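Take a look at the structure set out below.
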Amino acid sequence: MEVIILPTQQKAAHLVAQIFAKEMKAHPKLVLGLATGRTMEPVYSLLVDLHRQAGLDFSQCSTFNLDEYIGIPADHPCSYRHYMNELLFNQVNITKANTHLPDGMATDLAAECIRYEGAIAQAGGIDLQLVGIGSDGHIGFNEPSSSLRSRTREKALTPATLEQNAPMFGGDPANVPRRAITMGVGTILDSRRCLMLVTGKSKASILAKAVEGPITAMVTATALQLHPRCQVIVDEEAASELKEIDYHRWVFANEPEWAEFQYLR
Ligand code: F6R
């Protein structure tokens, strides 16, 4: 795992968008794993800009989102399908049929989870997975005590997650759906490359636990320490409680992979 610290939220999002663009140019049939949430909004905005201004081509890509609420239809303004359509899919040249989210309205939710895992496998697995972190340390909706080998399944959301996501539902946690379908921790760990984007002061304490704390199912983001190629991209505010901050800065300044991105420091 590498932790890359950049001065601002915008620069952190910029690095993520640039890595996406580089991978997509090198591998036009890239299979992307995508996340929703407020942290990702600037990333999708930058990818739309790259498509419009630099011709970034989504035509052969396919995408699999981490999660979807159970019980709200795809066209509901708070569904993750709606979020993805609005912020990315409707604004770039992706083939909609190649964009996948779990179906939170499926009559047989267990079968839907199995189908989703099968669709990822059929696509050849996820090449580049984007994740955020919840205030309770979740990745996807893998809430505390989730198995670190879990696969796509239904999960009940914690009170902390209902609180975190309440602003999208009129500010009241009681309005947030109680359950979701989420890729498992094991599903995320199977991705070939993983980027975790974390920004803002409110995430500083959980980020420190996730990257410098012991691996524990109580903070499922700690499982990313076991990922073969996970890079954690953060802004200064989110980095403010890291103990090894000088070491993380040294890695970004010295690893050859990051040489072309030194302009972001
Ligand atoms: C969203 C997801 C979640 C979010 C996390 C952070 O698809 O899987 O794990 O990444 O809850 O959300 P924000 O960015 O809104 O703080």
Side-chain angles (χ1 to χ4, degrees), residues 9-10 12-13 16 32-46 63-70 72 74 76 78-89 99-104 113 116 120 126 128-144 146 148 150-169 171 173 176-189 191 194-207 209-211 219-224 227 230 232-235 237-238:
Q9 177 193 24
Q10 196 59 24
V16 170
L32 298 167
L34 299 178
T36 59
R38 281 158 294 181
T39 312
M40 303 306 162
E41 289 174 10
V43 175
Y44 297 135
S45 165
L46 288 161
T63 66
F64 289 88
N65 266 76
L66 285 166
D67 38 25
E68 179 60 282
Y69 292 115
I70 291 173
I72 57 174
H76 187 287
C78 295
S79 78
Y80 284 164
R81 164 56 79 178
H82 185 266
Y83 170 109
M84 291 308 306
N85 284 348
E86 289 292 305
L87 270 61
L88 186 66
F89 301 152
T99 67
H100 307 271
L101 285 92
D103 179 4
C113 296
Y116 200 67
I120 294 170
I126 291 171
L128 179 60
Q129 175 70 58
L130 179 61
V131 301
I133 190 171
S135 53
D136 63 2
H138 69 214
I139 47 174
F141 275 136
N142 293 286
E143 301 289 37
S146 290
L148 300 186
S150 50
R151 311 303 305 188
T152 301
R153 71 214 182 290
E154 293 175 58
K155 280 302 284 182
L157 305 183
T158 60
T161 298
L162 300 179
E163 186 77 38
Q164 179 197 282
N165 290 358
M168 280 74 79
F169 290 85
V176 183
R178 296 293 155 104
R179 297 178 71 74
I181 294 179
T182 180
M183 279 187 202
V185 181
T187 321
I188 295 168
L189 291 180
S191 59
C194 183
L195 302 178
M196 179 157 79
L197 175 64
V198 185
T199 55
K201 185 82 193 148
S202 67
K203 299 282 177 69
S205 152
I206 196 67
L207 175 78
K209 286 186 186 144
V211 303
V219 179
T220 56
T222 60
L224 295 175
H227 192 285
C230 179
V232 183
I233 297 168
V234 308
D235 66 358
E237 287 192 351

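It should be emphasised that the depicted structure is a prediction, and the values quoted were computed from it without experimental measurement. For ligands, and for the atoms within them, numbers begin at 1 and follow the listed sequence.
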With rounding to the nearest 0.5 Å, note down the distance linking CD in Gln10 to CG in Leu46.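 CG of Leu46 is found 5.0 Å from CD of Gln10.
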
Reported CD1-to-CD1 distance for the pair Ile139 and Ile133, which is rounded to 0.5 angstrom: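 Answer rounded to 0.5 Å: 8.0 Å.
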
Contacts table for residues 153-162: side-chain donor-acceptor under 3.5 angstrom, sequence neighbours left out:
unit_1 : atom_1 : unit_2 : atom_2 : d
Arg153 : NH1    : Asn142 : OD1    : 2.9
Arg153 : NH1    : Arg151 : O      : 3.2
Arg153 : NH2    : Asn142 : OD1    : 2.9
Arg153 : NH2    : Ser146 : OG     : 3.2
Arg153 : NH2    : Ser150 : OG     : 3.4
Glu154 : OE1    : Arg179 : NE     : 3.4
Glu154 : OE1    : Arg179 : NH2    : 3.2
Thr158 : OG1    : Asp136 : OD2    : 2.8
Thr158 : OG1    : Glu143 : OE2    : 3.4
Thr158 : OG1    : Thr161 : N      : 3.2
Thr158 : OG1    : Thr161 : OG1    : 3.1
Thr161 : OG1    : Asp136 : OD2    : 3.2
Thr161 : OG1    : His138 : ND1    : 3.3
Thr161 : OG1    : Glu143 : OE1    : 3.2
Thr161 : OG1    : Glu143 : OE2    : 2.6

Would you say that Leu128 contacts Leu195 through its side chain, given a criterion of any heavy-atom pair below 4.5 Å between the two side chains?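 Of all side-chain heavy-atom pairs linking Leu195 with Leu128, at least one is under 4.5 Å.
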
Among Leu101, Leu130, Thr99, which one satisfies side-chain contact (heavy atoms from CB on, under 4.5 Å) with Thr63?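 The option that passes is Thr99.
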
Val234 vs Met196, side-chain contact (heavy atoms from CB on, under 4.5 Å): CA-CA, chis, key distance, verdict: CA-CA 8 Å; Val234 308; Met196 179 157 79; over 6 Å; no

Among protein heavy atoms, which lies nearest [atom], and at what distance?
atom: atom 10 (O) of ligand 1; result: Gly132 CA, 3.5 Å
atom: atom 15 (O) of ligand 1; result: Arg38 N, 2.9 Å
atom: atom 1 (C) of ligand 1; result: Thr36 OG1, 3.1 Å
atom: atom 12 (O) of ligand 1; result: Gln164 NE2, 3.3 Å

Ligand 1 versus Ile133, non-hydrogen atoms closer than 4.0 Å: side chain, backbone, both, neither?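 The part of Ile133 near ligand 1 is the backbone, not the side chain.
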
Indicate, as side chain, backbone, both or neither, the part of Asp67 found under 4.0 angstrom from ligand 1 when only non-hydrogen atoms are considered.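 Side chain only.
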
N or O contact, Thr39 vs ligand 1, cut-off under 3.5 Å: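 Thr39 vs ligand 1: N/O contact under 3.5 Å present.
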
Answer yes or no: does an N/O atom from Gly140 fall short of 3.5 Å to an N/O atom of ligand 1?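 Yes, there is a polar N/O contact under 3.5 Å.
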
Distance-only side-chain donor-acceptor flag, Tyr83 / Asn65, under 3.5 Å: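 Result is no, nothing qualifies.
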
Quick check on Met40 - does any of its heavy atoms sit under 4.0 Å from an atom of ligand 1?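 Distance cut 4.0 Å: Met40 fails for ligand 1.
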
Using a strict 4.0 Å cut-off to heavy atoms of Gly37, name the atoms of ligand 1 that fall inside it.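 Under 4.0 Å from Gly37, ligand 1 has these atoms: 14 (O), 15 (O).
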
